[in-house]
Number of protein chains: 2
Amino acid sequence: MRIGELAARSGVSVRALRYYEEQGLLQADRSESGQRHYPEAAADRVQLIQTLYSAGLSSRTIAELLPCVDARVSTPESRARLAAERDRIDAQIAALARTRDNLDAVIASTRNPACGCARIGEQDVPAQASHSATP
Amino acid sequence: MRIGELAARSGVSVRALRYYEEQGLLQADRSESGQRHYPEAAADRVQLIQTLYSAGLSSRTIAELLPCVDARVSTPESRARLAAERDRIDAQIAALARTRDNLDAVIASTRNPACGCARIGEQDVPAQASHSATP
DNA sequence: CTTGCCCCTGACGTCAACGTCAGGTTTTAA
DNA sequence: TTAAAACCTGACGTTGACGTCAGGGGCAAG
């Protein structure tokens, strides 16, 4: 399939697909005249790329990890890299969950202003100068 | 306290604090000579702002929501806004969890390439799956 | 007084993931 | 055959949350 159809199928722009290729995330065969031609599986790959982007990975990181995902082989370094990204995502999930709970508390307190609910931002930070770290 | 100390305490840059003020997220008293002066509570507020940023909220959204957090009152619109952000964060958490599970599967499969683990990116796509014969 | 550190206000620079436009070629529909 | 649609390669524009630099002021210590 050509780039327009892939864009339509995967829900990203043509420009984005060309950008992915530029970043080494997506390969394409070229026709005689230079037009890109993709196999069916490209749609899944684009979905995967989008998923990883939305998880906060950069193009460079994705480019480093995709080959080992493709081949399903990993060096110790790539395994460490994968595990590190997994842990980063875990931490991000935890932080988001705390934020969501805080938002819920705010919603509850603003719904009924008379209550003595805990204030948002007052989690349990006994010491000072602590970054957003593991609870 | 002055801006340098607040920056050191909250772990963000002086530039960021001035930016927050510019965006209407953080108020400061001014000394005679124009220097910013913050109360102790400002550190907590900066933490909150950082938390909301890291949850993917924009300056504008934060600026719209902070007053109702402060006053703990909400109009129907702001409640809806808060709930919408909460739901967005929930969805983001779910997507991240799926990505993390995918990453775990990749890690497992690359750790032991001989196993027949599911491939990443194949979540629930019941459409046709024409695999080239990968043993 | 002057040295050094902190502070001020602009204002331009950065970076990533694209959007968009220009100018030209290829493919497809009429 | 021809016109529209799709594609190509540059290359510049956009956005958000700052970084960084320039140029100048304020204040306690030596």
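Throughout, a chain's letter reflects where its sequence line sits, starting with A, and its residues are numbered from 1.
Applying the 4.0 Å criterion to OP1 and OP2 of dC8(D), one finds that Ser33(A) has every side-chain N and O outside that range. The side chain of Ser58(B) contributes no N or O atom lying less than 4.0 Å from OP1 or OP2 of dA17(D). The shortest distance between the side-chain N/O atoms of Tyr19(B) and the OP1/OP2 oxygens of dG16(D) is not below 4.0 Å. Residue Ser13(B) places at least one side-chain N or O under 4.0 Å from the OP1 or OP2 atom of dG19(D).
Remark: side-chain polar atoms of Thr61(B) are not paired, donor with acceptor, to backbone N or O of Leu57(B) under 3.5 angstrom.
Arg60(A) comes within 4.0 angstrom of nothing in the nucleic acid, heavy atoms only. Counting non-hydrogen atoms under 4.0 angstrom, Arg2(B) reaches the backbone sugars and phosphates but no base. Arg36(A) comes within 4.0 angstrom of sugar-phosphate atoms only, judged by non-hydrogen atoms across all strands, and of no base.
Atom pair Asp29(B):CG and dC8(C):P shows a separation of 13 Å (rounding to whole Å applied). Straight-line distance from the CZ atom of Arg18(B) to the P atom of dG10(C): 12 Å, rounded to whole Å. Distance Leu6(A) CG to dC7(D) P: 10 Å, rounded to the nearest Å. Counting to the nearest Å, the C1' atom of dC7(D) and the CD atom of Glu32(A) are 16 Å from each other. As a whole-Å value, the separation of Ile3(B) CD1 from dC18(D) C1' is 13 Å. Counting to the nearest Å, the C1' atom of dC8(C) and the CD atom of Glu22(B) are 14 Å from each other. In this structure, Arg30(A) places its CZ atom 10 Å from C1' of dC7(D), rounding to the nearest Å. One interatomic measurement links the two molecules: CD of Gln23(A) to C1' of dC15(C), which rounds to 12 Å at whole-angstrom precision.
Where Glu21(A) and Leu17(B) each meet DNA chain D at their nearest nucleotide, the meeting point lying more 5' is that of Glu21(A). Comparing Tyr20(A) and Glu5(B) along DNA chain C, the residue whose closest nucleotide (by nearest heavy atom) sits nearer the 5' end is Glu5(B). Residue order along DNA chain D, read from the 5' end via each residue's closest nucleotide, puts Tyr53(B) first among Gln35(B) and Tyr53(B).
Side-chain contact between Glu85(A) and Arg88(A) is present, with heavy atoms from C-beta onward closer than 4.5 Å. Within the 4.5 Å cutoff, side-chain heavy atoms of Glu40(A) are placed close to those of Met1(A).
Annotation: the span from Asp87(B) atom CG to Arg100(A) atom CZ amounts to 10.5 Å, rounded to 0.5 Å.
The shortest non-hydrogen separation linking Ile89(A) to Ala55(A) is CD1-CB, 4.0 Å.
Side-chain atoms of Arg15(B) and base atoms of dT20(D) include a donor and an acceptor less than 3.5 Å apart.
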